Amino acid sequence: MKQLIIIGKGPAGISAALYAVRGGANVTVVAKDGGALAKADLIQNYYGFEKGISAKALIETGVKQAENLGVTILNDEVCGIEFGESGYVVKTLNSQLDAGAIVIACGTSRNVPPIGNIDRFEGNGVSYCAICDGFFYRGKKVAVIGNGGYALSEYLVLKNIIEDVAIYTNGLAPEFDRKDQIPVYEKKISSFEGEDRISEIVFEDGTREKIDGVFVACGSAGALELSRKLGLETANNKIVTDEKRATNIPGIYAAGDCIAGLQQIAKAVYDGMIAGTEALKYLKRNG
């Protein structure tokens with residue numbers, strides 16, 4: 001049976017892992033951190049804890065439970081998902097993993113920097129997916145906005161297509177290794193300007209730079225960014241699924257805050273249970 005990759009180690013991801021591994025699947029959970037839940041303090045509305053439980057303890061307990069059942073937990077940052085020869089390839093900062101099925105359970109955070117006119121130029125020079133849109137900027141000048149591993153990953157994708165590409169950290173220090181002489185500019189950005197399409201970056205010091213396109217890659221790739229790379233259907237900043245938590249692409253499931261419904265732990269656990277069991281069925285049907 002091919003491997004099931006689960007992206008996210010919050011309640012939805014771990015719940016999916018528990019049900020899938022108990023059914024015989026080879027399960028790897030990949031996550032950089034505990035997601036939105038890790039930012040909470042005391043959880044008092046989840047069943048079974050008389051005095052509540054800290055978010056940190058709930059995450060750690062869930063991870064240990066999954067590990068005890070044989071789930072592999074990989075602490076890494078997922079940068080993209082691609083179609084592979086016999087399924088899918090999940091690309092992280094440090095490796096790539098083959099998957100027969102995937103459960104996306106990494107929340108809905110969309111890291112849009114507070115830059116003037118960014119919404120105005122979305123689809124008109126501002127993109128959130130290098131793999132999707134990089135082809136259209138061959139022979140042009142583009143910028144990647146971000147300062148972490150995700151920005152570096154998007155830069156490397158674009159560099160294979162576009163000669164004139166650089167990273168703009170928007171006032172932040174780079175968090176990646178610059179040993180390969182990657183062009184990095186750290187000035188704070190005030191706004192994007194242009195008429196029908198973006199044509200300039202305006203910095204807070206008043207200087208301007210001509211640009212043909214901008215790829216936003218701040219923070220880590222969330223569910224929406226990963227969805228764009230695969231062509232998953234989305235609506236209202238959520239991944240669209242059916243009652244089995246299946247997306248429009250076979251073998252790809254989603255659970256938790258990245259799909260419609262209440263953003264609650266109990267609902268995330270339920271989503272994960274369904275996604276994990278359905279992904280297991282898919283793997284058994286498809287080897």
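Just so you know, these numbers use all the heavy atoms, side chains as well, and skip hydrogens, waters and symmetry mates. Bear in mind that the values here come from a model prediction, so they are computed numbers and not experimental data. Nothing fancy with the numbering, it's 1 onward along the sequence.
No side-chain donor-acceptor contact under 3.5 Å links E233 and T247. A donor-acceptor contact closer than 3.5 angstrom is absent between the side chains of S199 and K210. Judged purely by distance below 3.5 Å, without hydrogens or angles, the side chains of D205 and T207 pair a donor atom with an acceptor atom. No side-chain donor from either of N26 and K2 sits under 3.5 Å from a side-chain acceptor of the other.
Of the charged side-chain nitrogens involved, none lies within less than 4.0 Å of a carboxylate oxygen, so that K64 and E67 do not count as a salt-bridged pair. At a threshold of 4.0 Å, the pair K32-E77 counts as salt-bridged, since one of the basic side-chain nitrogens sits closer than that to a carboxylate oxygen.
V126 places a side-chain heavy atom less than 4.5 Å from the side chain of F192.
Residues forming a side chain to side chain donor-acceptor pair (under 3.5 Å) with S191 (at least two apart in sequence, or on another chain): E193. Y47 meets the ring-ring contact (aromatic ring centres under 6.0 Å, His included) test with no other residue; sequence neighbours excluded. Listed by chain and residue number, nothing satisfies the ring-ring contact (aromatic ring centres under 6.0 Å, His included) test with F49 (two or more places apart in sequence, or in another chain). When the disulfide bond (SG atoms under 2.5 Å apart) test is applied to C129, the partners found at least two apart in sequence or on another chain are C132.
Between the side chain of S54 and the backbone N or O of A57 there is at least one donor-acceptor pair closer than 3.5 Å. For the pair R120 (side chain) and G194 (backbone), a donor-acceptor distance under 3.5 Å is present. Side chain of R245 to main chain of E243: a donor-acceptor pair is present (N/O by atom type, distance under 3.5 Å, no hydrogens or angles). Remark: side-chain polar atoms of S15 are paired, donor with acceptor, to backbone N or O of M273 under 3.5 angstrom. No donor-acceptor distance shorter than 3.5 angstrom exists from the side chain of D271 to the backbone of A255, with no hydrogens or angles considered.
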For residues 141-151, tabulate all N or O donor-acceptor pairs below 3.5 Å that involve a side-chain atom, not counting sequence neighbours.
unit_1 : atom_1 : unit_2 : atom_2 : d
K141   : NZ     : E209   : OE2    : 2.8
N147   : ND2    : A173   : O      : 2.9

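For the pair R138 and F135, the cation-pi test (distance below 6.0 Å, angle within 45°) is passed.
For Y128 and F215, the ring centers sit 6.0 Å or farther from each other.
Contacts classified as salt bridge (Lys or Arg N to Asp or Glu O under 4.0 Å) and involving residues 146-174 (residues at least two apart or in different chains) are given here: E154-K229.
Relative orientation of the Y168 and F203 rings is parallel, given thresholds of 30° and 60° on the angle between their planes.
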